[in-house]
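Proteins come first, then strands; the chains are lettered A, B, ... in the order of their sequence lines, and each starts at number 1.
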Amino acid sequence: MSFFQDMFVFEFLKNAFFASILVSILTALFSTVVVLRKIEFIGDGAAHASFGGLALGFLIGISSTLVAAISAVAFAITISYFSQKRRVSENSMIGILLPLSMALGVIFLSFVKGYTPDVMSYLFGNILLVSKADVVLLLILVVIAVLFFSLFHREIVYYSFDEKMAKHFGVNTGFIHYSVLIGISLSIVASVKIAGIILVTAFLVTPAATAKLMAKTFKGMVTFAIGLSIGASFCGMILAYYLNIPPGSAIVVALFVEFLVIYSFTKSKKA
Amino acid sequence: MSIDVILKIENLNYNVGRNHILQNISFEIRRGEFVGLIGPNGAGKSTLVKAIIGELEGYQGKVELKGQIGYLPQQKDFERDFPISVKDAVAMGLYKKKGPLRFFNSTDWEKVKELLKIVGAEELYDRRIGVLSGGEYQRVMLARALATEPEILILDEPEAGIDEMGKASFYELLSSLKKEKGLTLLMVSHDIGLVFDACDRIMCLNKTLHCHKSTHEVSPEDLQVIFSPDFDLLIRGKDHLHREHEL
């Protein structure tokens with residue numbers, strides 16, 4: 001049987017396929033701001049913070065996704081706050097908070113009585129965990145993100161290009177800044193089951209970093225990033241199916257191959 | 001504030017902890033003047049500019065501005081591969097007038113073309129910001145500052161990152177904006193020679209305002225007060241220093 005025939009037979013495969021495409025669109029959108037603003041560290045930190053949140057959710061018995069979302073948003077805002085105050089460097093704060101959230105996650109999980117979820121599934125992703133509800137949640141987030149990027153396209157460009165002058169010219173940079181931070185954090189939490197906490201950073205960096213090599217405008221960069229991300233997800237899922245390897249990892253490798261090819265091509269074109 | 005005064009500062013003081021950044025600054029700038037603000041590093045020039053453009057909090061004193069302000073910030077190292085075109089960068093200056101959630105129309109793009117024409121950079125309209133030279137970039141940023149239709153333009157070290165030829169033509173452009181559009185200009189600069197060539201009046205700042213005079217009235221002593229003991233080196237330049245060492 002082929003991948004697409006199996007998709008109609010196995011519900012989990014259908015969910016995983018659609019979820020991976022939606023994750024690609026969602027993370028690709030925010031990856032453009034992450035790369036242009038050079039805030040890759042916030043994505044990485046929020047991903048690790050979501051682990052502590054997931055574990056706390058399991059421990060107290062409420063929606064782990066909700067707790068993970070709250071902790072990821074709190075982490076991103078805390079880092080952003082410290083980076084603006086400059087009393088402690090961003091890197092130091094990440095060095096302090098990132099292992100703390102992982103450590104808390106492990107402590108919380110050690111207190112969970114009875115069934116303990118497989119940690120590896122959250123670290124590296126597991127398509128068996130993806131439910132129909134996850135696909136619906138991702139779809140809602142994609143719609144909100146697309147609306148945000150369409151309506152505030154100019155503001156996002158100005159904020160990314162020169163935040164200080166954007167503010168001078170009347171852009172509500174605070175609104176854009178915190179919307180982006182919340183968007184990144186929620187994208188991470190929604191992508192964890194597909195990509196995993198460790199690998200989700202690749203989704204938030206590689207598509208835009210590759211797109212930036214080719215794009216002349218922000219719109220072009222967003223379009224390229226989404227295209228590359230969907231392409232990598234599609235190839236990664238099919239490779240994972242035929243080679244029996246974890247899809248999250250396969251997608252990350254596909255993203256890297258795209259980067260390598262385009263980097264080589266654009267380099268030779270410039271020379 | 002008399003009708004021809006566009007900017008009036010009264011008893012401006014600004015401290016950070018126990019450090020006095022600006023002390024008892026008072027001056028007026030009249031419409032149509034081209035004023036150069038000079039002073040050594042750490043003199044408080046950029047802080048004063050921040051107070052004027054409304055980006056400084058916690059100062060004492062009064063800043064009165066009569067008219068729309070335009071601002072050209074210091075040229076920082078911008079990311080060369082940022083995917084933004086010249087027209088989009090200039091259109092940023094139209095944002096305040098346009099407001100949020102509204103897209104630019106053909107009239108706005110015509111306005112952008114017009115602004116680029118004023119600064120002699122209309123051929124750059126579709127170019128990517130990253131391919132511009134220092135001088136071209138500064139002209140584009142000047143077009144962006146003019147988009148707000150300012151009556152007074154504040155320039156913070158506009159010569160930074162521009163070669164000698166570019167500097168001369170940029171100052172020429174500023175002088176023509178003053179003559180043709182009646183624009184008032186306040187320019188912070190380290191380039192003493194060009195400031196003396198281009199400006200009508202000079203303000204010498206080093207925490208306090210040591211002089212505010214017509215350019216031809218500024219004496220070497222005025223400059224020595226703010227730049228001492230490096231004033232001779234500043235005026236005579238490195239070549240002179242090398243010659244002294246050789247002797």
Side-chain angles (χ1 to χ4, degrees), chain A residues 31-40 84 86-87 147-176 179 207-226 262-263 266-267 269-270, chain B residues 46 49-50 52-56 68-105 108-109 112 126-131 137 140-150 153-154 156:
Chain A
S31 75
T32 54
V33 187
V34 166
V35 167
L36 290 176
R37 293 274 307 177
K38 296 192 174 81
I39 51 170
E40 293 87 347
Q84 281 164 8
R86 301 207 175 277
R87 280 189 64 205
L147 272 174
F148 174 69
F149 273 78
S150 308
L151 290 174
F152 296 102
H153 158 257
R154 280 187 305 147
E155 287 82 353
I156 295 167
V157 176
Y158 300 156
Y159 154 82
S160 305
F161 178 55
D162 188 344
E163 186 180 357
K164 209 175 131 194
M165 286 310 288
K167 196 176 174 187
H168 176 80
F169 287 119
V171 175
N172 188 344
T173 49
F175 167 74
I176 300 294
S179 301
T210 312
K212 197 176 164 206
L213 295 169
M214 304 183 285
K216 287 183 177 170
T217 62
F218 181 72
K219 267 185 199 166
M221 187 173 167
V222 170
T223 312
F224 281 136
I226 292 175
I262 289 164
Y263 180 79
T266 48
K267 205 175 156 190
K269 205 171 73 174
K270 273 182 191 169
Chain B
S46 294
V49 165
K50 274 189 185 173
I52 296 168
I53 63 169
E55 287 182 4
L56 187 72
Q68 179 65 39
I69 196 166
Y71 174 51
L72 182 67
Q74 275 184 33
Q75 192 184 135
K76 57 175 187 179
D77 282 336
F78 64 99
E79 212 181 326
R80 289 262 160 201
D81 55 355
F82 194 99
I84 187 168
S85 63
V86 164
K87 63 176 179 184
D88 286 324
V90 175
M92 190 174 172
L94 298 172
Y95 182 84
K96 206 176 248 177
K97 204 180 270 180
K98 198 78 186 167
L101 299 174
R102 292 187 64 192
F103 295 97
F104 292 126
N105 54 31
D108 300 315
W109 295 121
V112 168
D126 273 321
R127 295 249 190 101
R128 256 178 73 163
I129 278 281
V131 301
Y137 179 82
V140 169
M141 292 299 110
L142 180 61
R144 185 179 72 175
L146 294 174
T148 56
E149 294 176 4
L153 188 62
I154 315 286
D156 196 354

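- Neither the backbone nor the side chain of B:A147 comes within contact range of chain A; no heavy atoms are under 4.5 Å apart.
- Considering only heavy atoms from C-beta on, A:S160 stays 4.5 Å or farther from B:I84 through its side chain.
- Considering every non-hydrogen atom in both B:T148 and A:F169, the closest pair reads CG2-CE2, 3.7 Å.
- Cation-pi geometry between A:R154 and B:F104 is satisfied (NZ or CZ under 6.0 Å from the ring centre, within 45° of the ring normal).
- Annotation: the span from A:F161 atom CZ to B:D88 atom CG amounts to 10.0 Å, rounded to 0.5 Å.
- Residue contact with chain B, scored on non-hydrogen atoms closer than 4.5 Å, involves the backbone of A:S150 exclusively.
- Proximity to chain A (any heavy atom under 4.5 Å) is restricted, for B:K98, to the side chain, taken from C-beta onward.
- Note that CZ of B:F103 is 6.5 Å distant from CG of A:L151, once rounded to the nearest 0.5 Å.
- Environment of NZ in A:K216: sparse, with no more than 12 heavy atoms of neighbouring residues, nucleotides or ligands closer than 6.0 Å.
- A pairwise comparison of heavy atoms in B:P83 and A:A215 identifies CB-O, 4.0 Å as the closest pair.
- Ranked by heavy-atom pairs shorter than 4.5 Å toward chain B, the options A:V35, A:V157, A:L36 are led by A:L36.
- Among all heavy-atom pairs drawn from A:D162 and B:R144, the shortest one is OD2-NH2, 4.1 Å.
- With a threshold of 4.5 angstrom between heavy atoms, A:K219 does not approach chain B through any atom at all.
- A:H168 contributes atom NE2, which lies 14.0 Å from atom OH of B:Y95 (distance to the nearest 0.5 angstrom).
- Note on A:K38, A:K164, A:K167, A:M165: by heavy-atom pairs under 4.5 Å with chain B, the leading option is A:M165.
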